[in-house]
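In what follows, a single structure is set out as structure tokens and then discussed.
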Number of protein chains: 2
Amino acid sequence: MEVYDLILKNIAKHISLNEAEKNYFCSLLESKILLSKQFLLKENQACHYFCFVNSGTLRAYFLNKDGKESTIMFAMPDWWVTDMHAFEKAKPAMLNIVALEQSKILQLSKSNFELLVKEIPKFERFFRIIFQNAYIREQLRTIQNLSLTAAERYEKFVLKYPAVIQQVPQKQIASYIGVTPEFLSTIRSKRKA
Amino acid sequence: MEVYDLILKNIAKHISLNEAEKNYFCSLLESKILLSKQFLLKENQACHYFCFVNSGTLRAYFLNKDGKESTIMFAMPDWWVTDMHAFEKAKPAMLNIVALEQSKILQLSKSNFELLVKEIPKFERFFRIIFQNAYIREQLRTIQNLSLTAAERYEKFVLKYPAVIQQVPQKQIASYIGVTPEFLSTIRSKRKA
DNA sequence: TCCATTTCTTAATCTACATTAATGGTTTTG
DNA sequence: CAAAACCATTAATGTAGATTAAGAAATGGA
């Protein structure tokens with residue numbers, strides 16, 4: 001089944017599954033296509049799914065009380081994305097998640113997630129590693145937010161996510177590194193000079 | 001064994017162990033006492049341990065090229081702490097971790113960590129939950145760093161870590177929320193007025 | 001207990017980045 | 001294919017928070 005190729009490779013990076021386990025795992029997934037600008041999740045909704053991106057690009061962002069957006073992550077193919085707090089604690093979502101272009105995803109529901117780790121304990125290991133890496137990345141972002149200037153944060157972003165630079169509007173990159181689009185524009189013009 | 005009470009309770013929040021498993025787990029731990037101002041880890045060192053705080057308070061911080069400190073976490077009793085990137089990827093530490101007062105800790109080495117999850121797969125589940133929660137916390141911090149003013153971040157800190165306020169110098173709280181000690185001082189004086 | 005060191009506060013000045021606004025370019029969609 | 005909607009750029013002005021400096025208070029080691 002072609003739709004499961006990428007996710008099975010993703011999992012094979014950390015654990016080995018036999019055919020029966022692969023089939024069981026795939027049977028728990030729900031396939032979904034998002035159109036451009038369609039929302040996977042909106043704030044205050046319940047968040048029932050942990051999602052794997054097969055193709056396309058999604059953006060997760062927080063909207064503060066003044067209407068300012070802060071981009072929390074860009075989810076490209078081979079990435080997992082959800083509002084983890086809302087998913088795990090069954091609380092209303094804080095994040096909005098929207099497709100930046102037509103995107104194909106695979107959804108694992110909360111109940112299937114729990115079933116999966118119960119039935120195949122190797123998946124506890126898989127998600128342990130996934131969350132450990134997610135924690136490491138978020139902590140690095142905290143360090144950089146606290147210790148770098150806006151221009152330095154932009155350089156790190158360019159190095160770390162070169163594919164994103166091509167694919168998303170600059171104003172969204174600005175909202176990821178924590179500056180206004182106007183200021184990012186001046187950062188970029190000075191950079192070339 | 002009294003030294004293991006707190007850590008066994010910490011683990012019992014998420015998984016159940018029988019006596020043999022408890023004994024095996026405890027046999028993998030190394031007890032250590034840190035004096036006030038003693039370092040558990042310094043940047044560029046190898047990071048061999050994942051540490052559980054039994055008593056006292058530790059601080060993990062990043063030192064940038066200009067000598068500015070950014071506090072990454074305060075580790076109180078019942079908390080796990082390490083430089084997770086250095087620990088997991090066997091890379092030189094980015095963080096410094098220092099005791100703010102005399103502190104008693106239990107250390108789990110990388111090799112014992114790997115042994116533990118292999119011998120008792122329930123610990124994959126335990127650490128999966130620990131890292132999932134750590135990721136959720138770090139992501140919330142990213143959201144707050146991007147969307148709140150310094151004064152608002154201080155209010156969140158006061159609500160979330162009331163015990164820390166009493167125990168650590170204000171300049172270190174300033175370096176956690178990402179402002180200078182001078183500016184935190186003015187935030188606090190306006191707050192009371 | 002005392003001196004040294006560190007920490008906190010206040011205030012003047014400075015700067016990185018925000019805001020506002022105007023212009024032109026680009027993408028989207030009827 | 002044209003109007004609408006969105007996006008990037010530039011520049012003037014505004015502000016949250018940094019820097020510098022200096023004195024007061026708290027802390028800690030001999």
Side-chain angles (χ1 to χ4, degrees), chain A residues 34-38 56-57 59 61 63-71 74 98-103 144-158 164-193, chain B residues 34-38 56-57 59 61 63-71 74 98-103 144-158 164-193:
Chain A
L34 292 167
L35 301 178
S36 183
K37 298 182 188 172
Q38 192 178 342
T57 313
R59 182 171 75 103
Y61 64 94
L63 205 56
N64 84 352
K65 55 182 167 6
D66 307 321
K68 194 183 90 176
E69 288 183 4
S70 299
T71 295
F74 295 102
V98 67
L100 298 182
E101 59 186 313
Q102 185 191 291
S103 302
Q144 293 181 354
N145 280 343
L146 292 175
S147 68
L148 300 182
T149 64
E152 290 167 334
R153 273 177 274 145
Y154 180 67
E155 294 304 329
K156 296 281 185 188
F157 188 92
V158 171
V164 178
I165 302 282
Q166 319 297 350
Q167 292 195 14
V168 316
Q170 276 182 38
K171 57 177 290 197
Q172 292 177 7
I173 295 168
S175 93
Y176 184 98
I177 66 176
V179 295
T180 58
E182 293 84 353
F183 192 61
L184 178 56
S185 185
T186 77
I187 286 172
R188 282 166 47 87
S189 67
K190 279 176 193 158
R191 202 170 104 98
K192 278 174 280 182
Chain B
L34 291 167
L35 301 179
S36 182
K37 298 181 187 174
Q38 192 179 342
T57 313
R59 183 172 74 104
Y61 64 93
L63 205 56
N64 83 353
K65 56 184 169 2
D66 308 319
K68 193 184 89 175
E69 287 183 6
S70 300
T71 295
F74 295 103
V98 65
L100 299 182
E101 59 188 312
Q102 184 190 293
S103 302
Q144 293 182 352
N145 280 343
L146 291 175
S147 68
L148 301 182
T149 65
E152 290 167 333
R153 274 176 273 144
Y154 180 67
E155 293 305 328
K156 296 281 185 189
F157 189 92
V158 170
V164 178
I165 302 282
Q166 319 297 351
Q167 292 195 14
V168 317
Q170 276 181 37
K171 57 176 291 195
Q172 292 176 8
I173 296 168
S175 92
Y176 183 98
I177 66 176
V179 296
T180 57
E182 293 85 352
F183 192 61
L184 179 55
S185 184
T186 77
I187 287 172
R188 282 166 48 88
S189 68
K190 279 175 193 160
R191 203 168 103 99
K192 279 174 279 180

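Below, read A as the first sequence line, B as the second, and so on, with proteins coming before strands; counting in each chain starts at 1. In this text, all values refer to a predicted model and were calculated from it rather than measured experimentally.
Side chains of B/Arg188 and B/Tyr154: a donor on one and an acceptor on the other come within 3.5 Å.
Atoms NZ (A/Lys171) and C1' (C/dA18) sit 16 Å apart, rounded to a whole Å. Counting to the nearest Å, the C1' atom of C/dC17 and the CG atom of A/Asn145 are 15 Å from each other. The distance between atom CD1 of B/Ile165 and atom C1' of C/dT7, rounded to the nearest whole Å, is 16 Å. Regarding B/Gln167, its CD atom lies at a distance of 17 Å from the C1' atom of C/dT7, rounded to whole Å. Residue A/Asp66 contributes atom CG, which lies 9 Å from atom P of C/dT19 at whole-angstrom precision. We find that CZ of A/Arg188 is positioned 17 Å from P of C/dC17, with the value rounded to whole Å. Atom C1' of nucleotide C/dT6 and atom CG of B/Leu100 are separated by 14 Å, given to the nearest angstrom. When the P atom of C/dA11 is taken as reference, atom CZ of B/Phe183 falls 15 Å away, rounded to whole Å.
Annotation: side chain of B/Ile165 is in contact with side chain of B/Phe157 (closest heavy-atom distance under 4.5 Å). Residues A/Val98 and A/Tyr61 are in side-chain contact: their nearest non-hydrogen atoms beyond the backbone lie under 4.5 Å apart.
Here salt bridge (charged side-chain N to carboxylate O under 4.0 Å, His left out) pairs that include residues 172-187 of chain B, with residues two or more places apart or in two chains, number zero.
Checked by atom type and distance alone, the side chain of B/Asn64 pairs as donor or acceptor with a backbone atom of B/Asp66 at under 3.5 Å. Under a 3.5 Å cut-off, the side chain of A/Glu152 and the backbone N or O of A/Thr149 do form a donor-acceptor pair.
In the helix from C/dT1-D/dA30 to C/dG30-D/dC1, the rotation axis of the first five pairs and that of the last five pairs differ in direction by 60°, rounded to 10 degrees.
Nearest-nucleotide positions on DNA chain C for B/Pro181 and A/Thr180 put B/Pro181 closer to the 5' end. A residue-by-residue look at B/Glu182 and A/Thr186 shows that A/Thr186 has its nearest nucleotide of DNA chain D further toward the 5' end.
Under the ring-ring contact (aromatic ring centres under 6.0 Å, His included) criterion, B/Phe74 pairs with B/Tyr176, sequence neighbours left out. Residues forming a side chain to side chain donor-acceptor pair (under 3.5 Å) with B/Glu101 (at least two apart in sequence, or on another chain): B/Thr57. Under the side chain to side chain donor-acceptor pair (under 3.5 Å) criterion, B/Thr186 pairs with no residue at all, not counting sequence neighbours.
Residue A/Lys37 is classed as a sugar-phosphate contact, given heavy-atom separations below 4.0 Å to backbone atoms only.
Taking only side-chain atoms of B/Ser185, from C-beta outward, the nucleotide of C/dT9, C/dT7, C/dC17 with the closest atom is C/dT9.
Put simply, chain A comes within 4.0 Å of DNA chain D, heavy atom to any atom, from D/dC7 to D/dT10, going 5' to 3'.
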